[in-house]
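Below: one structure, written as structure tokens.
Letters A, B, ... are given to chains in the order of the sequence lines, protein chains preceding strands, and every chain is numbered from 1. Note that the coordinates shown come from a computational prediction; the quantities given were computed from them, not determined experimentally.
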2 protein chains.
Amino acid sequence: MNIGDAAKRTDIPVKTIRYYEDIGLIRPLRDTNGYRVFRDTDIHKLAFLGRARALGFSIEDCRTLMELYEDETRASADVKRLAQEHLRQIEDKIMQLRSMQATLNDLVHACAGDSRPDCPILRDLASQ
Amino acid sequence: MNIGDAAKRTDIPVKTIRYYEDIGLIRPLRDTNGYRVFRDTDIHKLAFLGRARALGFSIEDCRTLMELYEDETRASADVKRLAQEHLRQIEDKIMQLRSMQATLNDLVHACAGDSRPDCPILRDLASQ
DNA sequence: GATAAGGGCTCCAGTCACTGGAAGGTCAAG
DNA sequence: CTTGACCTTCCAGTGACTGGAGCCCTTATC
């Protein structure tokens, strides 16, 4: 299978697949014409990566997860630890965003949003 | 005031302040020795930027907000529109993260986290 | 007057995870 | 034989900084 088909199959852009090869996440074979050839295992790995990325794991986490996946002697504790740490970071981020959301929401509601220059949003940003 | 004091006063790293000058967000004066000199207005602008960034506005949004702030004939509607659009993006991001959180949470709880290799997290990532 | 510490300066490179584009090779259809 | 859709590599850019090298300036102390 060529890269275009692999991209369609996994919903990962062609450019991204090439990038994943560049950084050593996948190792597709090469045809005599230089084209990448994707086997089922490569497609499987790409799909794995796609799902891990969709859960917000960093590329380095993905690399580790793939290594763990391929290591038959792994301990599930290692996977769980990684996922828990990531979950904690997501929760932190959500709290941060919720705090921004709350402030912004107040400000937006306090602002008339008309043609006059007076604006509580700017007043807040400029406050000492 | 030199850059170090400006940094302390506004809680913005020295490096970041220099970067803000680079991209034209602030225009501190220069002393004869080449050192940047920060007036009260510069400090005020930096603090404004700090608060806007803390609310998650992009640098380009910050630039626009500062222009609006300095334009006495602005319409508050323009500020509100910007803030509302940003609020929408924050809400999108929160929803995305909550969805990740939910999935990850399920997976983490399903995983024994012991020395055995069997792991629902990896099984999910590898699922067809 | 020498020196050391603690500022400041510029410029370059790296971060993360792609993404766009240029310049060119390959392949199947008409 | 040409067209168009693929594919290739390589280089540069994104956002918002951050780190480091190599240098200059100022102030205090010996």
Please confirm whether the shortest side-chain N or O distance from [X] to OP1 or OP2 of [N] is below 4.0 Å.
| X | N | value |
| --- | --- | --- |
| A:Arg18 | D:dT8 | yes |
| B:Arg36 | D:dC25 | no |
| A:Tyr20 | C:dC18 | yes |

Letter per nucleotide, 5' to 3', of nucleotides 19-28 of chain C [B base touched, S only sugar-phosphate touched, - untouched; heavy atoms, 4.0 Å]:
SBB---BBS-

For B:Gln89, which residues count as a side chain to side chain contact (heavy atoms under 4.5 Å, CB included) partner, sequence neighbours excluded?
B:Glu85

Length of the [atom1]-[atom2] vector between [X] and [N], whole Å:
| X | N | atom1 | atom2 | answer |
| --- | --- | --- | --- | --- |
| B:Asn2 | D:dT26 | CG | C1' | 10 Å |
| A:Ile59 | C:dT15 | CD1 | P | 14 Å |
| B:Asp22 | C:dC11 | CG | C1' | 10 Å |
| A:Ile17 | D:dT8 | CD1 | C1' | 15 Å |
| B:Glu21 | C:dC11 | CD | C1' | 14 Å |

Please report the closest heavy-atom contact between B:Ile26 and B:Phe38, naming both atoms and the distance.
CD1-CE2, 4.1 Å

Does atom CZ of B:Arg27 have more than 12 heavy-atom neighbours, drawn from other residues, nucleotides or ligands, at distances under 6.0 Å?
no

Heavy atoms from other residues, nucleotides or ligands near CZ of A:Arg123 exceed 12 (cutoff 6.0 Å):
yes

State whether a side-chain donor-acceptor pair under 3.5 Å links A:Ser76 with B:Asp114.
yes

B:Phe48 and its ring-ring contact (aromatic ring centres under 6.0 Å, His included) partner, picked from B:Tyr20, B:Tyr69, B:Phe57
B:Tyr69

Quick one: on DNA chain D, does A:Ile3 or B:Arg53 contact a more 5' nucleotide (nearest heavy atom)?
A:Ile3

